[in-house]
Amino acid sequence: MAQIISAVQRKGGVGKSTTLICLAAKFAKDGAKVLIIDTDMQQTCVKWEAKKECGVDVTPHTDDETLLELINFTTISYDVILIDTAGYQSAMAVYAMSASDLVLVPTPASEPDAEGAVKTIRHIKNVTANNVKQPVIRAIFTDVDKNTTITEAVLSQLNASGVEAVSTPIWHRTGFKEVHSTGGLPTGSALSALHQFLGAMQVDGLLTYYDNIFKEAS
Ligand SMILES: Nc1ncnc2c1ncn2[C@@H]1O[C@H](COP(=O)(O)OP(=O)(O)OP(=O)(O)O)[C@@H](O)[C@H]1O
Ligand SMILES: [Mg+2]
């Protein structure tokens, strides 16, 4: 059974697609069988995959009524299924969060984006409150400039609202922009930033694929 991970935010342009494709490429490099379901009409993930084969399957899927069917049908064949979304109040986003084990809510280090994250997380909790299984929800900091101190202010804003966040941000690196043109994994300092972020997610026990590998090895 695959771990289902989606990225959702009421604000656009916060790094949903970029984060998911980089995670997907890294999971695949580490031996995972990975599927991205791209529910966004912009098809950012589909276009990324078309640039370079890197062992990630990407399927466009814009029919909200059959999303759960697709997940049920494919979960047996993959270790991780990532769902990229557009917006957050669509039926598609509601289905995506309801089906997820983990919902990532990306936020750049700015107060409006953090406010968007807080509202999104409140919405996800409301939508999934009566589900048999509630997803784990984490805010993640994206596109963060190392030279700014605003991250601290934004973090306290999230903490004050009871929002849990992955402690290590995804730093601002041009390599993350380049993946949309090159396909595959980011390189150089963007790859290092991705590794740091992934390490923090592993420490928090958020990634079932790695947890299972460690269990098998020990
Ligand atoms: N860590 C980062 N460093 C540098 N640029 C980044 C980083 N993360 C995202 N970006 C850039 O920010 C822009 C928006 O990212 P992305 O398309 O992933 O956001 P999105 O939330 O999926 O947007 P949309 O709402 O349009 O689907 C892109 O140009 C992307 O390359
Ligand atoms: Mg996107």
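As the structure lists them, so they are numbered: ligands from 1, and atoms in each ligand from 1. Fair warning: this is a prediction, and the values are worked out from it, not measured in the lab.
For ligand 1, the polar-atom distance check against Thr142 finds no nitrogen or oxygen pair separated by under 3.5 Å. Residue Lys11 places no N or O, backbone or side chain, under 3.5 Å from any N or O of ligand 1. Geometrically, ligand 1 and Lys16 share a nitrogen or oxygen pair separated by less than 3.5 Å. Remark: ligand 1 and Arg173 share an N or O pair separated by less than 3.5 Å (distance only, no angle test).
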Show your reasoning for whether side-chain contact (heavy atoms from CB on, under 4.5 Å) applies to Ile137 and Lys125.
CA-CA 9 Å; Ile137 308 168; Lys125 285 184 177 166; 3.8 Å; yes
Just do the salt bridge (Lys or Arg N to Asp or Glu O under 4.0 Å) check on Asp143 and Arg173 with the steps written out, would you?
CA-CA 7 Å; Asp143 201 8; Arg173 292 285 178 266; over 6 Å; no
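Counting only distance, with no hydrogens or angles, the side chain of Gln134 and the backbone of Ala129 share a donor-acceptor pair below 3.5 Å. Judged by distance alone, the side chain of Thr75 and the main-chain N or O of Asn72 form no donor-acceptor pair under 3.5 Å. Side-chain atoms of Asp57 do not come within 3.5 Å of backbone N or O of Leu35 as any donor-acceptor pair. For the pair Thr142 (side chain) and Ile170 (backbone), a donor-acceptor distance under 3.5 Å is absent. Using modelled atom types, no side-chain atom of Thr18 and backbone atom of Phe176 make a donor-acceptor pair closer than 3.5 Å.
Residue-ligand proximity: Val14 is placed with a non-hydrogen atom under 4.0 Å from ligand 1. Using a non-hydrogen distance threshold of 4.0 Å, Ile170 registers as a contact of ligand 1. Using 4.0 Å as the threshold, Ala86 has no heavy atom nearer than that to any atom of ligand 1.
Of the protein's non-hydrogen atoms, the one nearest atom 14 (C) of ligand 1 is Gly13 O, 3.8 Å. At the shortest separation from atom 19 (O) of ligand 1 among protein heavy atoms lies Gly15 N, 2.9 Å. Here the protein heavy atom with the shortest distance to atom 30 (C) of ligand 1 is Thr18 OG1, 3.5 Å. Here the heavy atom of the protein found nearest to atom 11 (C) of ligand 1 is Lys177 NZ, 3.5 Å.
Listed by number with element, the atoms of ligand 1 under 4.0 angstrom from any heavy atom of Gln42 are 24 (P), 26 (O), 27 (O). Set against the non-hydrogen atoms of Asp40, the atoms of ligand 1 under 4.0 Å away are 27 (O). Residue Trp171 approaches ligand 1 through these ligand atoms, each under 4.0 Å from one of its heavy atoms: 1 (N), 2 (C), 3 (N). Contact atoms of ligand 1 toward His172: 3 (N), 4 (C) (distance under 4.0 Å to a heavy atom of the residue). Residue-ligand proximity, Gly12 to ligand 1, at heavy-atom distances under 4.0 Å covers atoms 25 (O).
A salt bridge is absent between Lys33 and Asp79; no separation between the charged side-chain nitrogens and carboxylate oxygens falls under 4.0 Å. Under 4.0 Å is where a charged nitrogen must lie from a carboxylate oxygen, and between Asp30 and Lys26 at least one such pair does.
In summary, an N, O or S atom of Ser17 is located under 2.8 Å from the Mg ion (ligand 2).
If you take CG on Leu207 and OH on Tyr210, they are separated by 7.0 Å, rounding to the nearest 0.5 Å.
Ala200 and Thr168 make their closest contact through CB-OG1, 3.4 Å (heavy atoms, listed as atom of the first residue, atom of the second, distance).
At a heavy-atom cutoff of 4.0 Å, ligand 1 is contacted by no atom of Gln9, backbone or side chain.
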